[in-house]
Amino acid sequence: MNLTSVIGVAASIFTATSLIPQLIKLVKEKDSGNISLGMLAVLFIGLVLWVWYGFLKEDWILIISNAFSLLINIITGILSIKYKPK
């Protein structure tokens with residue numbers, strides 16, 4: 001694995017796991033008052049496009065990391081709606 005691949009994998013890991021602290025906080029507090037659904041929607045669209053781009057480029061690093069990010073984003077979105085303050 002060359003340096004370019006290592007940097008790509010590292011960037012993918014950090015990007016893919018970026019929403020996990022927010023998701024943990026959301027699950028613990030069961031309050032989504034501070035989460036922007038607009039931001040999640042924009043991120044969702046971006047991640048879908050990255051996955052699509054990964055398929056077009058046949059780049060499994062892009063596909064797997066962004067698909068994982070997309071899954072975390074979807075879960076965060078669902079829980080944000082579920083725990084929306086009344």
Side-chain angles (χ1 to χ4, degrees):
M1 188 179 277
N2 62 28
L3 181 60
T4 303
S5 296
V6 170
I7 292 170
V9 169
S12 295
I13 290 169
F14 280 99
T15 301
T17 58
S18 65
L19 268 180
I20 291 178
Q22 184 67 62
L23 182 59
I24 291 169
K25 183 176 188 272
L26 179 60
V27 169
K28 281 183 179 179
E29 296 179 4
K30 296 186 180 8
D31 178 15
S32 65
N34 294 325
I35 297 176
S36 168
L37 290 178
M39 183 274 301
L40 290 176
V42 171
L43 181 57
F44 175 84
I45 293 167
L47 291 169
V48 167
L49 292 173
W50 272 117
V51 171
W52 186 8
Y53 178 73
F55 275 110
L56 294 174
K57 298 287 282 180
E58 298 179 2
D59 185 330
W60 287 101
I61 293 172
L62 284 176
I63 295 167
I64 293 169
S65 64
N66 286 294
F68 179 77
S69 295
L70 186 59
L71 176 65
I72 298 299
N73 183 274
I74 290 169
I75 294 169
T76 302
I78 290 169
L79 291 178
S80 293
I81 292 168
K82 179 180 179 180
Y83 297 135
K84 184 178 177 184
K86 300 188 179 0

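Worth knowing before you read on, the calculation uses all heavy atoms, side chains too, and leaves out hydrogens, waters and symmetry mates.
Judged purely by distance below 3.5 Å, without hydrogens or angles, the side chains of Asn73 and Thr76 never pair a donor atom with an acceptor atom.
A single hydrophobic cluster is seen to contain both Val51 and Trp60, as judged by linkage of ILVMFWY side chains at heavy-atom distances under 4.5 Å, directly or through other members. By the rule that hydrophobic residues join a cluster once side-chain heavy atoms approach within less than 4.5 Å of another member, Leu49 and Leu56 end up as members of one cluster. A continuous path of ILVMFWY side-chain contacts below 4.5 Å connects Ile81 to Ile24, so both sit in one hydrophobic cluster. The cluster map of Ile, Leu, Val, Met, Phe, Trp and Tyr, joined by side-chain heavy atoms under 4.5 Å apart, puts Val9 and Val6 in the same cluster.
The side-chain heavy atoms of Leu40 and Leu37, taken from C-beta on, include a pair separated by under 4.5 Å. By the 4.5 Å heavy-atom criterion applied to side chains, Ile75 and Leu19 are not counted as neighbours. Annotation: side chain of Leu26 is in contact with side chain of Ser80 (closest heavy-atom distance under 4.5 Å).
When Leu71, Ile72, Leu70 are each tested for a side-chain contact (heavy atoms from CB on, under 4.5 Å) with Leu47, only one passes: Leu70.
Distance check, rounded to the nearest 0.5 Å: CD1 of Ile64 to OG of Ser12 gives 9.5 Å. The NZ atom of Lys25 sits 7.5 Å away from the CD1 atom of Ile35 when rounded to the nearest 0.5 Å. Note that CD1 of Ile74 and CG of Leu43 are 10.5 Å apart. Values are rounded to the nearest 0.5 Å. Taken to the nearest 0.5 Å, the CH2 atom of Trp52 stands 13.5 Å off from the CD1 atom of Ile63. Atom CG of Leu23 and atom OG1 of Thr17 lie 12.0 Å apart (nearest 0.5 Å).
Panel note: side chain Lys57, backbone Gly54; no donor-acceptor pair is recorded below 3.5 Å.
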Check step by step if side-chain hydrogen bond (donor to acceptor under 3.5 Å, both in side chains) holds for Asn2 and Ser5.
-> CA-CA 5 Å; Asn2 62 28; Ser5 296; 3.1 Å; yes
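The local environment of CG in Asp31 is crowded, with over 12 non-hydrogen atoms from other residues, nucleotides or ligands closer than 6.0 Å.
Taking the six-membered ring where the residue is Trp, the centroids of Tyr53 and Trp50 are separated by under 6.0 Å.
Across all their heavy atoms, Pro85 and Gly33 have their closest contact at CG-CA, 3.6 Å.
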